[in-house]
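In what follows, a single structure is set out as structure tokens and then discussed.
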There are 2 protein chains.
Amino acid sequence: MSTPEPEPEDRRRSIGARRSPETEAAILMAAEAIVTEAGIAGFSIEAVAKRARAGKPTIYKWWPNKTALLLDVYHRQKPANVHSDTGSVEEDLLVFLTGIFAHWGDSGAGQIFRYVIAEAQRDATAAAALAEYARERRKQTGTIFARGVERGELADDIDVGLAADMVAGFIWQRLLTERLERDPARLRQVARQMVRGLSAPGT
Amino acid sequence: MSTPEPEPEDRRRSIGARRSPETEAAILMAAEAIVTEAGIAGFSIEAVAKRARAGKPTIYKWWPNKTALLLDVYHRQKPANVHSDTGSVEEDLLVFLTGIFAHWGDSGAGQIFRYVIAEAQRDATAAAALAEYARERRKQTGTIFARGVERGELADDIDVGLAADMVAGFIWQRLLTERLERDPARLRQVARQMVRGLSAPGT
């Protein structure tokens, strides 16, 4: 179908222009293929437009800049299995940490994300794209802690957003200083140290 | 005196060439003045050499790249009062978090550090300089936790380096997403959530 549809419940709802799902998919696939084949150095809105047979203005209508498009590609490549609901905050965190470090290390995803963070330090539109992305990731990671509070596993006075920030901060800093953690015992220790402080008294 | 002296116990001991303390001081003062007056955009080894009346090769002998020199300037500008030994890990952390966010927010230091992190994502020599710096900061922050273990305030099975990584990760990510935390109550909550997980049983 080519009729523009209402935006799905996704992270770009705030952008006014309605999208054609086919064009969007074509642009994202083209962007993904270019990153995979040519790396970030070969990535440009121009190259994506050419490959997707879309106009540059169309791309810019939906993605205000290269960084926003890269972040979408990055997000789509993230394996779904980094998020799980095991019934234990420590286990959920362990799954998340293990999955994200593996994904960053084994694919080009870590390089993409490093690039995005670097861009955001000198370009205000890139900074806005990263800030929005970080905000949504914080909500997602926060659900791990919120479920723990709900279950009575975590103290009910913890700040779920802060807990999520600590997780994000830890993994970002490791990525940015090239110290991805892959050792299962160390990852367990990280998850444990992060959770213990949040535990309900007596648990 | 112009006789080269043995390197002081500082963080550049590993660099082979011996320094003349006067030249070193002149270079650092020039670098600091340039950053203050012209910002990072106006900062270059060439500009520093000119202002310090030093040769570029002299600067490069001691600082392998612009990032290493910027990091030294950054480090020297850090107020000493971010580190304290109050007898309580939570208080020490609160002092540190409050001090570092204030310093980043009130001076140009936050911008310098953001720039350094960004540079490190695309330049291997900048990455090496940042990695070395982060390693030393980790040791310094780790002492807060090590003292807590020593006092019996923290559990003796905690990983002091990991705890320091979590602190660094948290502040870095806040800086990189322009969310410096200045609210005393929120800072207290951060310090508390970081420490509680590490507390010795029964404390």
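Proteins come first, then strands; the chains are lettered A, B, ... in the order of their sequence lines, and each starts at number 1.
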Apply the test side-chain contact (heavy atoms from CB on, under 4.5 Å) to residues V190(B) and M166(A): give CA-CA distance (whole Å), side-chain angles for both, the deciding distance (0.1 Å), then the verdict.
-> CA-CA 9 Å; V190(B) 176; M166(A) 285 176 209; 4.0 Å; yes

When you look at L162(A) and R186(B), which way does the side-chain contact (heavy atoms from CB on, under 4.5 Å) test go after all the steps?
-> CA-CA 9 Å; L162(A) 275 186; R186(B) 299 276 296 166; 4.0 Å; yes

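For residues 110-118 of chain A, a heavy-atom distance under 4.5 Å to chain B picks out R114(A), I117(A), A118(A), given by residue number.
Of the possible polar contacts, none joining the Q193(A) side chain to the I158(B) backbone as a donor-acceptor pair under 3.5 Å is found. Between the side chain of Q121(A) and the backbone N or O of L176(B) there is at least one donor-acceptor pair closer than 3.5 Å.
Most heavy-atom pairs under 4.5 Å with chain B, from the set E119(A), R135(A), R138(A): that is R138(A).
The distance from atom CZ of R122(B) to atom CD1 of I40(A), rounded to the nearest 0.5 Å, is 12.0 Å. The distance from the CG atom of D159(A) to the CZ atom of R192(B) is 12.5 Å, given to the nearest 0.5 Å.
Scored by the ring-ring contact (aromatic ring centres under 6.0 Å, His included) test, F96(A) finds H83(A) as partners (sequence neighbours excluded). Remark: K50(A) engages no residue in a side chain to side chain contact (heavy atoms under 4.5 Å, CB included) (not counting sequence neighbours). In terms of the side chain to side chain contact (heavy atoms under 4.5 Å, CB included) criterion, residue partners of S107(A) (sequence neighbours excluded) are, by chain and number, H103(A), A109(A).
Residue Q140(A) qualifies as enclosed at atom CD: its count of foreign heavy atoms under 6.0 Å is above 12.
Pairing each heavy atom of Q189(B) with each of D157(A), the nearest pair is NE2-O, 3.2 Å. Residues A168(B) and Q173(A) share a closest heavy-atom pair of CB-NE2, 3.5 Å.
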